[in-house]
Amino acid sequence: MRYLLWLLAVVCGNAFGILPTEVAVVYNADSVLSQSAAMRYCEVRGIPSEQMLPVFGVKRGDISREDFEGSMVQSLLVQGRKRGLRWPAGPRNGIKLMRAMVLMPDLPLRVKEMMKDGKPIGQGQQRSEASVDSELALLGARFPIKGMGRNPLFDKKMPSGREAQAVMSVCRIDGPDEATIFRMINEPAEVERQGLQGWVVVDNGGPYKEGNLMLDKVATLARQHCLPLFLETSRQTLADSFPLMQNVATYFGWYANPANGPFHAKAPADFRFARGAIACHLHSYSGTNLYDGRTWVSALLKRGACVTAGNVYEPYLGPCLNYAVFYRHLLAGAQVGEAALLATPTVSWQGIVLGDPLYRPFRARARHTVYSVWQGLLRRFGKNPTALQNAVEQQMNLGDGAALAEMYALHCAEQKRYQPAVGYFEAASQMYDRERDKIRCTLLMYTAMAAAGQPERVESGMQRLLSEAAASPFLPAIRKSAEVLCPKKESPSQAKETPKK
């Protein structure tokens, strides 16, 4: 079977992406969890046992440059040479080319800054600290230890010939607890058989134009693929305890630290991402600790995500994983490892990607779900508003009416057709059973109502909602919405006197 897979790969070029026979699995030999996770991953993905590489004498967290070079780099090079493995950036003296590496739990995360005479040897973008993952992408190569390097594959297609790949895709499977770790191993292989399905949530509105344009492109990709999209564009991130919809399959957001909104540890516990979800929040220190629920990578994994990304030190915005490129390749059918490699502008820098590199979330397209129904309706009637509304009404009577009503309401709101949006948000709120969904659609209804120029209705409705939801776990989000939608008017005594000329 392995020979047949290899033969098909040779015949079909890069059509099959990274093969299991091309993935090195690195684990901490002194950690029972790390070893058992490595064994399980190899079992799930059919990876040969000779590609399991132990490292000794290391701990999770930070590692000095000296220990990194000795305990990890040299150890992996020696083991690879003995086992006939070859690395893309290393000498061509092995038989089996490893195009990807996956790091298991309890391995070092950050290579510490090098010092000389008590001072850092580099500053700014010439600093010497880096993520272990980004350094290992160049395993076997000789490169400067100060500063970032350019990724020659950034925003390109994967090389058509396997010999042409210049750097290695490196992902990591680790997280806040053992259950999360094994879910990250087991779920992707199960989900990709049917295809990842669910909502796309984009929380845009950060402080810099470059980041906002990137998130805009993510939202555009979702629209082009007719996916159900919830786009938030205010300068604030999603409010504390915001009642986000269940079955969010894809989330990209920025810019806050620590983790907040629906993903905060104290937010209502009933929110979970869809199985196999991809969720990333852009922040300089989003990946400094994989076990502390205040960091974004840990918080998102804890809520059910299977794939996320972050930074272990200050990376600057430009060198970060480009979410738009990452998402574009995933939607085109790429594996997580491929997409991440092509979406990372730099190597030997600060980024990490957590998840199964072989996971291909959009390989298959599930049918007979409310999400596939919405895609079908939008593809067929998206350019004809009347026909789309009629088709949605007809389909709502057949099942999943609440979700379809909300999807259509959001679609109308994006087109600035606020009156029908108000009606369908209200209908969705009445059809949903769970408090989370009812409150979300009610808040969105008043938001659309405000955009339609009906402030009196908004104010009276929000006051009623605040009263009715006084004991709700979503009250912080309701209060925040009330502040935005119904700003308090200054009394004459509070107003500042206009200065005389």
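In this chain, numbering begins with 1 at the start of the sequence shown. Keep in mind that the numbers below use all heavy atoms, side chains included, and drop hydrogens, waters and symmetry copies.
His264 contributes a side-chain N or O that, together with a main-chain N or O of Lys266, makes up a donor-acceptor pair within less than 3.5 Å.
For Arg365, there are no salt bridge (Lys or Arg N to Asp or Glu O under 4.0 Å) partners at least two apart in sequence or on another chain. Under the rule for a side chain to side chain donor-acceptor pair (under 3.5 Å), the partners of Glu314 that lie at least two apart in sequence or sit in another chain are Ser284. The salt bridge (Lys or Arg N to Asp or Glu O under 4.0 Å) test applied to Arg272 returns no partner, not counting sequence neighbours. Residues that satisfy the side-chain contact (heavy atoms from CB on, under 4.5 Å) test with Arg40, not counting sequence neighbours, are Glu43, Val44, Phe182, Ile185, Asn186. In this view, Ser71 satisfies the side chain to side chain donor-acceptor pair (under 3.5 Å) rule with no residue, not counting sequence neighbours.
Side-chain contact, Asn212 with Trp254: a donor N or O sits under 3.5 Å from an acceptor N or O. A donor-acceptor contact under 3.5 angstrom links the side chains of Thr442 and Ser429, judged on distance only. Residues Ser31 and Asp106 bring a donor and an acceptor atom of their side chains to less than 3.5 Å of each other. Glu135 and Ser348 share a side-chain donor-acceptor pair at under 3.5 Å.
A heavy-atom distance below 4.5 Å is not found between the side chains of Val58 and Asp67. The shortest distance between side-chain heavy atoms of Val297 and Leu290 falls below 4.5 Å. In this structure the side chain of Arg183 reaches within 4.5 angstrom of the side chain of Thr180, judged on heavy atoms.
The side chain to side chain donor-acceptor pair (under 3.5 Å) analysis of residues 193-202, with sequence neighbours excluded, yields the pairs Gln197-Thr369. Evaluation of the ring-ring contact (aromatic ring centres under 6.0 Å, His included) test over residues 280-307, restricted to residues two or more places apart or in two chains, returns Tyr255-His283, Phe263-Trp296, His281-Trp296. Counting only residues at least two apart or in different chains, salt bridge (Lys or Arg N to Asp or Glu O under 4.0 Å) contacts with residues 204-217 are absent. Sorted by first and then second residue, the pairs that involve residues 108-122 and meet side chain to side chain donor-acceptor pair (under 3.5 Å), not counting sequence neighbours, are Asp62-Arg110. Annotation: ring-ring contact (aromatic ring centres under 6.0 Å, His included) contacts involving residues 323-348, sequence neighbours excluded, comprise Phe252-Tyr323, Phe252-Tyr327.
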For residues 470-484, which side-chain N or O atoms pair as donor and acceptor with protein atoms under 3.5 Å away, sequence neighbours left out?
residue: Ser472; atom: OG; partner: Glu435; partner atom: OE2; Å: 2.8
residue: Ser472; atom: OG; partner: Phe474; partner atom: N; Å: 3.0
residue: Ser481; atom: OG; partner: Ala477; partner atom: O; Å: 3.1

Less than 3.5 Å apart, which donor and acceptor atoms pair up between the side chains of residues 142-149 and the rest of the protein, not counting sequence neighbours?
none

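Note on Asp177 versus Lys302: salt bridge recorded, some NZ/NE/NH1/NH2 to OD/OE distance being below 4.0 Å.
Both tests pass for Arg440 against the ring of Tyr432: distance under 6.0 Å to the centre and angle within 45° of the axis.
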